[in-house]
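Each remark here refers to the structure printed beneath this line.
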Amino acid sequence: MSDQPDLPADASEAGATTGPAARSARTRTDKPESEAERRRRRAQFLRDLAEARALRARVQPRRAKAARLRHAMRMRTFRW
């Protein structure tokens, strides 16, 4: 037996109409997105990305250290 809960047959369709992607698609058709809204969404995305990176660094410290060292090496060898 599957660990997944039994969902109605139209659950995939119902799920497609909710969530942030659907909300942004609806607002996009109503009116053009303002610069402030775009900046707000971008700031939220960057905060989430930083949080995910911090979590990954805590969960996998050895891998995160290796990634930091690789990034530092790339920056040292980068020519401006």
Side-chain angles (χ1 to χ4, degrees):
M1 182 180 262
S2 172
D3 292 339
Q4 300 285 328
D6 291 329
L7 298 174
D10 61 343
S12 61
E13 296 164 12
T17 59
T18 60
R23 279 195 302 270
S24 66
R26 278 194 302 263
T27 57
R28 210 176 299 132
T29 59
D30 294 342
K31 60 183 174 73
E33 183 180 43
S34 72
E35 189 67 22
E37 289 171 346
R38 188 189 70 79
R39 277 197 227 110
R40 196 174 305 114
R41 276 193 315 108
R42 183 174 186 273
Q44 180 62 47
F45 169 77
L46 292 175
R47 279 193 299 271
D48 292 345
L49 184 61
E51 182 183 344
R53 284 184 175 148
L55 176 63
R56 187 172 188 182
R58 284 195 308 272
V59 172
Q60 302 174 335
R62 187 178 301 167
R63 190 173 292 180
K65 180 180 179 183
R68 274 195 312 274
L69 292 173
R70 280 193 306 274
H71 179 71
M73 184 61 73
R74 274 196 312 270
M75 295 310 285
R76 265 184 257 135
T77 58
F78 184 77
R79 293 192 181 254
W80 295 97

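Hydrogens, waters and symmetry mates are skipped; everything else that's a heavy atom, side chains included, is used. On a predicted model such as this, the values are computed, not experimentally measured, just so you know.
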Residues 50-71 side chain polar contacts: donor-acceptor under 3.5 Å, at least two apart:
unit_1	atom_1	unit_2	atom_2	d
Arg56	NE	Gln60	OE1	3.4
His71	ND1	Arg74	NH2	3.3

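Under the salt bridge (Lys or Arg N to Asp or Glu O under 4.0 Å) criterion, Arg38 pairs with Glu35, sequence neighbours left out. In this view, Gln44 and Arg47, Asp48 satisfy the side chain to side chain contact (heavy atoms under 4.5 Å, CB included) rule, not counting sequence neighbours.
Rounding to the nearest 0.5 Å places CG of Leu49 at 10.5 Å from CZ of Arg42.
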